[in-house]
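Here's the structure we're looking at; comments come further down.
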Amino acid sequence: MVETQAGAAAAGSHDTSFFGHPRGLAILFLTEMWERFSYYGMRGLLIIYLTQHFLFSDQHSALIYGAYIALVYVMAIFGGSLADKYLGQRKAVTFGAILLVMGHFGMAFEGGGSKEVMVVDGLEYQLTLEGRGGDATPIVKSAIGQSEISFSEGASHMIIADPAAVGLPAQIATDSYETQTTREPLFVGVLYLSLALIIAGVGFLKANISTIVGDLYGLHDARRDSGFTIFYMGINLGSFLASWSCGILGIVYGWKYGFGLAGIGMLAGLLIFLRYQGWLEGRAEPPDPAKLKEKVFGPINVEWACYSSALLMMAVAMSLIMNPAPAAKLMAATGVLMVLFLIWYSFAKVDGKYRSRVWAATYFALAQIPFWSLFEQAGSSLTLFTDRLVDRNIAGWSVPTPVFQSLNAGFIFIFAPFIAWLWIWMAKRKIEPSTPVKFSIGIFGVGLGFLALVAGMKSTGASALTPVYFIFMVYWIHTMSELMLSPVGLSAMTKLAPPHAAGLMMGTWFLYSGLSNSLSGVIAGATGAETIGGKIIDVTAAKAGYASVYTNVGTVAIGVSVFMLLISPIIKKWMKEAG
Ligand code: GLN
C-alpha cells in the first residue's frame with residue numbers, strides 16, 4: 001500500500017476530463033469553494049458582529065479577529081503534519097470539514113446581545129443600535145421611551161434627538177457620564193467555542209486539500225501552475241458568493257441567518273467531498289493504514305488519537321482568543337522558532353540537493369508576512385473604515401459593507417486568467433519574472449494600494465466621507481498583487497518540497513499566512529477609533545488615524561519590496577531548476 005501510494009503520487013494523473021485537468025481537481029475545487037464560502041461568509045460579518053452585537057471595543061475586536069484569522073492557518077502545521085505521518089489527506093480533510101460544519105452552525109446561536117448602559121444622575125439608560133452594520137442608528141432607551149442620538153463635532157457632547165421621549169436634556173457632556181457593558185456569558189462562550197471549532201477544522205482541512213492539488217500532477221507536469229490557478233478561482237468563487245449572500249443576510253435580516261448560511265455552505269462541501277472522494281484515485285490515503293489501527297491507550301487507536309488532538313487544538317485556540325494580546329506575542333515567537341526549525345531540518349533531514357530549495361520555500365513562506373499583514377486589513381480595519389467613513393451609496397443603494405469583500409474575489413475571477421496568460425506570453429519571450437521577483441512586485445502593490453487610498457481620503461475634507469471608487473481601487477491593486485504571490489506561492493511550495501514533506505511545507509506556508517494575519521490584527525488595532533454602541537464619535541480624529549497608519553504601513557511595504565527585488569537573484573539560485 002505504501003508503495004502504491006508513493007508510486008501513484010509520483011506518477012501524477014494523466015486524466016484530462018476537467019478542463020484538461022484530472023477530475024480529482026473538480027472535487028477539490030468544489031469542496032474548497034464551499035469551505036471558503038463558509039469561511040469568508042462568516043469572516044465578512046465577524047468584526048462588525050464583535051463590535052455591534054457583543055460590543056467589544058474596536059481594539060479588542062481587532063485583536064480577537066486577528067488571533068482568529070491567525071489561528072485558522074497556524075493550526076494547518078499540525079493538520080498537515082498529522083496527515084503526512086498518519087491520517088493521509090483524505091481523512092484529514094473529511095474530519096476538518098465535520099468540525100467546520102459544527103463551528104459555523106455554532107456561530108448562528110447569537111443570544112440577545114451585549115447591553116451598554118450609561119448612568120446619568122443615578123438613572124440608567126441603555127445605549128444601543130437599531131439595525132446592523134454601518135447604517136444602524138444609535139439610540140438611547142430609558143424606562144419611558146427611546147430617542148436617536150448623535151455626537152457633536154469633536155465628540156464633546158451627546159445630542160439627544162428627542163429629549164422629552166427619554167427624559168434627558170438635549171445635550172449631555174460626554175465626560176459627565178460613565179458607560180458599562182454587560183455580556184451574556186453563555187453566548188460569549190458559544191462564540192469562543194464556535195471559533196475554536198472553525199480553527200481546528202481549517203487546521204485539518206486547508207493545507208491538506210492544497211497538498212492534494214499538488215499530488216494530482218507529476219513532478220514535471222506543466223499543468224501544475226494552471227491547476228493551482230483553477231483551484232484559486234474555486235476559492236474566490238466561494239468567497240464572492242458568500243460576501244453577497246451571507247453578508248446581506250447577516251446585516252439586513254440578522255446575524256444568525258448570515259452565519260447559518262455559512263454553515264449550510266460548509267455542509268454542502270462536506271457532502272460533495274464524501275460523495276466524490278473516489279475521484280482522487282487513492283492519492284490522499286494514509287501512508288500506512290495498518291498503523292492507524294494500532295492501539296494507543298485503552299480502546300483509542302492512532303486514528304482516533306489524531307482526531308482527539310483537535311480537542312487540544314481547540315483548547316489552545318480558545319485560550320488564545322480569550323487573551324488575544326499575549327497571543328500575538330506568542331505567535332511572533334512561534335514564527336522565529338519555526339525558522340530555526342526549518343534551518344535545522346534542511347541540514348539534518350534533507351538530502352543535499354534539496355537543501356537550498358527548503359531555504360527558498362522558507363523565504364517565500366516568510367515573504368508573505370509583509371503581504372498578508374497589510375492585505376488582511378480588508379476584513380478588519382478596512383471593513384470598519386468602509387462601514388463608517390466611506391460614502392457607500394451606489395445608484396441609490398447603501399451597499400452593506402461585507403459586500404465589498406466580494407470585490408477581491410470578483411477581481412481574481414476577472415484577472416486570474418489574464419495573469420496566467422501573461423506569464424505564458426512573457427515566458428515565450430523569455431521575459432517572465434522569476435518567482436522571487438513576482439513576490440517583490442506583490443509586496444510593492446500592497447503598499448501602493450494603501451498609499452492610493454490615503455490620497456483618496458485626503459482628496460475630501462477632514463471629516464468628509466471618502467468616495468467609494470477609492471475602495472474599488474484599493475481592492476483592485478491588492479488583488480493584482482495577490483495574484484503575483486498567493487497561487488504562485490502554493491505552487492512553489494509543492495515544487496520545492498523534498499519528497500514526503502509536502503504537508504510540512506504547505507503547513508509552513510499557512511503557518512506564516514496565519515502569523516501575518518496576527519500582525520494584521522495588531523496593525524488594525526492601531527487604527528481603532530473611539531466608539532459608542534459600535535459607532536465612532538469623532539469622525540475627524542478617526543479619519544486622521546486611519547490615514548496615518550495606512551501611510552506608515554504602505555511606505556514600509558514599498559521599502560521591503562525594493563529589498564526583496566535586490567536579493568531575488570540569490571533566492572532564484574536557491575530554487576535550482578524548480579525556479
Ligand atoms: N485567499 C486565499 C485563501 O483563502 C489565501 C489565504 C492565505 O494564504 N492567507 O485561500
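First listed ligand is number 1; within each ligand, the first listed atom is number 1.
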Short side-chain donor-acceptor distance under 3.5 Å, Gln405 and Thr383: yes

Practice prompt. Answer yes if the side chains of Glu482 and Tyr232 hold a donor-acceptor pair under 3.5 Å, and no otherwise.
Written response: yes

In ligand 1, the atoms that come under 4.0 Å of a heavy atom of Ile235 are 3 (C), 4 (O), 10 (O)

Determine whether any heavy atom of Phe510 lies closer than 4.0 Å to an atom of ligand 1. yes

| said: Can you tell me if Tyr39 contacts ligand 1 (heavy atom of the residue under 4.0 Å from the ligand)? | reply: no

For [atom], what is the closest protein heavy atom, and at what distance to 0.1 Å?
{"atom": "atom 8 (O) of ligand 1", "result": "Ser513 OG, 2.9 Å"}
{"atom": "atom 6 (C) of ligand 1", "result": "Tyr73 OH, 3.4 Å"}
{"atom": "atom 2 (C) of ligand 1", "result": "Tyr232 OH, 3.3 Å"}

Which of Leu448, Val556, Leu485 passes side chain to side chain contact (heavy atoms under 4.5 Å, CB included) with Ile443? It is Leu485

Looking at Gln368, Lys206, Arg36, Glu482, the heavy atom closest to atom 10 (O) of ligand 1 belongs to Lys206

Could you walk me through whether Ile571 and Trp574 pass the side-chain contact (heavy atoms from CB on, under 4.5 Å) check?
CA-CA 5 Å; Ile571 313 300; Trp574 284 353; 3.9 Å; yes

Original post:
Just checking, Arg43 and Tyr40: is the charged tip under 6.0 Å from the six-membered ring centre and within 45° of the axis?
Top reply: no

ask   = What is the ring orientation for Phe364 with Phe439, classed by angle as parallel under 30°, tilted 30 to 60°, or perpendicular over 60°?
value = tilted

* **Heavy-atom donor-acceptor pair, Ser491 side chain to Pro487 backbone, under 3.5 Å** => no

| task | Give yes if a backbone or side-chain nitrogen or oxygen of Tyr40 is under 3.5 Å from a nitrogen or oxygen of ligand 1, and no if not. | result | yes

With heavy atoms and a 4.0 Å threshold, my read on which part of Trp372 contacts ligand 1 is side chain

